[in-house]
There are 2 protein chains.
Amino acid sequence: MNRQELFGQILKKKSFLCVGLDTDPGKIPSHLLKGKDPIFEFNRQIIEATAEFAVAYKPNIAFYEALGPKGWESLQKTLDYIPKDIFSIADAKRGDIGNTSSLYAKAFFETMDFDSITVAPYMGVDSVKPFLEFEGKWVILLALTSNEGSMDFQMELSKEGKPLFQEVLEKSSKWGSPENLMYVVGATRGEKIAEVRRIVPDHFFLVPGVGAQGGSLEDVAKYGMNAQCGLLVNSSRGIIYAGGGINFADSAKQEASKIQLEMEVLLEKYLHK
Amino acid sequence: MNRQELFGQILKKKSFLCVGLDTDPGKIPSHLLKGKDPIFEFNRQIIEATAEFAVAYKPNIAFYEALGPKGWESLQKTLDYIPKDIFSIADAKRGDIGNTSSLYAKAFFETMDFDSITVAPYMGVDSVKPFLEFEGKWVILLALTSNEGSMDFQMELSKEGKPLFQEVLEKSSKWGSPENLMYVVGATRGEKIAEVRRIVPDHFFLVPGVGAQGGSLEDVAKYGMNAQCGLLVNSSRGIIYAGGGINFADSAKQEASKIQLEMEVLLEKYLHK
């Protein structure tokens, strides 16, 4: 999916919601556990219930990997079930030397057919570029995350007084373009989103941390939105575990619908025209 | 496996060789491709042939992940085949926010039973600590890698004039101890190994980049060895693809034996007594 198509979906659905599929066998309703593939069945119902409100789905790969080979089968079936006009994100935080990154890219772009993958920048240019070589696919590079540990290195100031995340943005934005490179930008600090937006005005941001991690959706839109929206805001637990029991998918639908309505207002208010 | 046991293996085998299992269906001898699980069969024969010379095996997870669920099955069988007195490394470069890192740790330490995993530091303390909470398991944290892109961020100087890799070493060495934390230290620059050794005198280093990537084994030993050896030097392609055809395992054995002999001399010369 290209940037124009993604923006088209955002306009059509009046939403920039990404639903995170952090599907945990310990948290899904117990009636599903009797089935053959509870993880996929949970995801299937979640996707069914939320597809009209979501422009992206983001399986968190660790949740599937922890289940061994059958977890990867559930992941593949989930990916196959995501409608083709909805952007798919493998939240995998991969990255290694060139030939190894090429194989990670192959795993997520060929063996599976994700639109995008999250990548960690520590190993530099040749760990990121192999992912960018896949036509029509996207890298979503870690820039500024929303967790406690983001203070350890990402905020470290360089000799020139620039935090590391700024170096990552400035260098990496030359490796790709806004057509194949997005950034993970943590939502817990509105002023930080504004700072990142000034450095990379045109790129899409994947914003975790709204909801469970405490960020404000209004701040994200106010400081992060650009002329093509430029935002995918993720909610995982807040949606998929909105309710338990037999009606879990209805609860997820209500929650996704509520967020979509907020997003509609924010698009009206902040989309640069 | 604890540090004392690992050191015991090093003394017993007079070797600090790690064999990298970067097993590629496009590179293994064609006679294996007819079998049910060529990847495992290749690894089985390589392990059989090299176990007397190696103190560690390091499957590069990307190679297995690229093959989908059956790749994970080959990986599991390979891990099961590695003798219990040989240290196993999941070269996976994982790392994410806390609850997600816990699941990656579960994937490699419980679902599978690796002794250790390589982890990327960009997301900081709460992305690394979950791995350190597993009793008897090890984190091998990326510090200074040997690829071109290591110049992009790892060598970036901070306000205090410290390169990022030094910040990573100094901070992270407080999160764990030499009993559960090692570092990836690229072998292509001898003086850099000496610099890292000064910062973390007691930790083990996993050193890639000897052989195919051009580092000198003598320099690594001279500048990196400590009183418990403190080194695992990896060779992947140089050993496992030393020869093709029906006798590939013999070629691997000869190559591993040759490196072990060099290591025996270097242990005699540089092990601090």
Side-chain angles (χ1 to χ4, degrees), chain A residues 22 24 60-63 65-73 76 91 93-108 110-112 118 120-129 142 145-154 156-159 161 164 167-168 171-172 208 213, chain B residues 22 24 60-63 65-73 76 91 93-108 110-112 118 120-129 142 145-154 156-159 161 164 167-168 171-172 208 213:
Chain A
D22 296 16
D24 180 343
N60 182 334
I61 304 304
F63 285 74
E65 193 163 297
L67 303 174
K70 74 179 183 342
W72 290 92
E73 281 164 17
Q76 178 64 61
D91 193 1
K93 314 281 194 326
R94 299 297 195 260
D96 205 314
I97 57 169
N99 74 324
T100 303
S101 271
S102 293
L103 284 164
Y104 281 125
K106 188 170 175 244
F108 290 98
E110 285 185 0
T111 304
M112 290 177 282
T118 56
Y122 191 73
M123 294 182 72
V125 59
D126 54 324
S127 69
V128 178
K129 275 200 173 162
L142 292 179
T145 59
S146 55
N147 62 318
E148 175 201 346
S150 64
M151 301 301 292
D152 286 318
F153 308 119
Q154 298 167 28
E156 192 71 37
L157 293 182
S158 73
K159 231 172 37 188
L164 177 62
E167 296 281 351
V168 168
K171 281 201 175 153
S172 65
Q213 291 172 61
Chain B
D22 296 15
D24 180 342
N60 182 333
I61 304 305
F63 286 74
E65 193 163 299
L67 304 174
K70 77 179 182 341
W72 290 93
E73 281 163 16
Q76 178 65 61
D91 193 3
K93 312 283 192 328
R94 301 296 196 258
D96 205 316
I97 57 169
N99 73 327
T100 302
S101 270
S102 292
L103 284 164
Y104 281 125
K106 187 169 174 247
F108 289 99
E110 286 185 0
T111 304
M112 290 177 282
T118 57
Y122 191 73
M123 294 180 72
V125 59
D126 53 324
S127 69
V128 177
K129 276 200 172 161
L142 292 180
T145 58
S146 55
N147 62 317
E148 176 200 346
S150 65
M151 302 301 293
D152 286 319
F153 308 119
Q154 298 167 28
E156 191 72 37
L157 294 181
S158 73
K159 230 173 37 188
L164 178 61
E167 296 280 353
V168 168
K171 281 201 175 152
S172 64
Q213 292 174 58

Peer 1: Heavy-atom pairs under 4.5 Å with chain B: which of A:Gly95, A:Ala107, A:Ala105, A:Ser127 has the most?
Peer 2: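 Highest number of heavy-atom pairs under 4.5 Å: A:Ala107.
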Peer 1: Do the ring planes of A:Trp72 and B:Trp72 sit parallel (below 30°), tilted (30 to 60°) or perpendicular (above 60°)?
Peer 2: parallel
Peer 1: Out of A:Pro121, A:Gly161, A:Ser150, return the one with the most heavy atom pairs under 4.5 angstrom to chain B.
Peer 2: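 Counting heavy-atom pairs under 4.5 Å, the top option is A:Pro121.
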Peer 1: If you count heavy-atom pairs under 4.5 Å between each of B:Phe108, B:Phe153, B:Tyr122 and chain A, which one has the most?
Peer 2: B:Tyr122
Peer 1: Return the OG to CD1 distance between B:Ser146 and A:Ile97, rounded to the nearest 0.5 Å.
Peer 2: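 Going from OG on B:Ser146 over to CD1 on A:Ile97, the span is 6.5 Å.
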Peer 1: Determine the option with the most heavy-atom pairs under 4.5 angstrom with chain A, choosing from B:Glu65, B:Lys159, B:Lys70.
Peer 2: B:Glu65
Peer 1: Please rank A:Thr145, A:Asp126, A:Ile61, A:Thr111 by heavy-atom pairs under 4.5 Å with chain B and give me the top one.
Peer 2: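 Ranked by heavy-atom pairs under 4.5 Å with chain B, first place is A:Asp126.
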Peer 1: Apply the side chain to side chain donor-acceptor pair (under 3.5 Å) test between A:Thr100 and each candidate in B:Asp22, B:Asn60, B:Asn147, B:Asp91; give the one that qualifies.
Peer 2: B:Asn60
Peer 1: Among A:Lys106, A:Glu167, A:Met151, which residue forms the greatest number of heavy-atom pairs with chain B at distances under 4.5 Å?
Peer 2: A:Glu167
Peer 1: Hey, which of A:Val168, A:Leu142, A:Asp24, A:Leu164 has the most heavy atom pairs under 4.5 Å with chain B?
Peer 2: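 Among the listed options, the one with the most contacts to chain B is A:Val168.
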Peer 1: Under 4.5 Å, counting heavy-atom pairs only, tell me which of B:Gly149, B:Ser101, B:Gly98, B:Ala120 racks up the most with chain A.
Peer 2: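 Heavy-atom pair counts peak at B:Gly149.
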Peer 1: Output the option from A:Met123, A:Glu148, A:Lys93, A:Glu73 having the highest count of non-hydrogen pairs under 4.5 Å with chain B.
Peer 2: A:Met123
Peer 1: May I ask you to say whether A:Lys171 pairs ionically with B:Glu156, meaning some side-chain N is under 4.0 Å from a carboxylate O?
Peer 2: yes
Peer 1: Side chain, backbone, both or neither: which part of A:Val128 has a heavy atom under 4.5 Å from chain B?
Peer 2: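 Neither part.
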Peer 1: Among B:Pro69, B:Gly68, B:Gly71, which residue forms the greatest number of heavy-atom pairs with chain A at distances under 4.5 Å?
Peer 2: B:Pro69
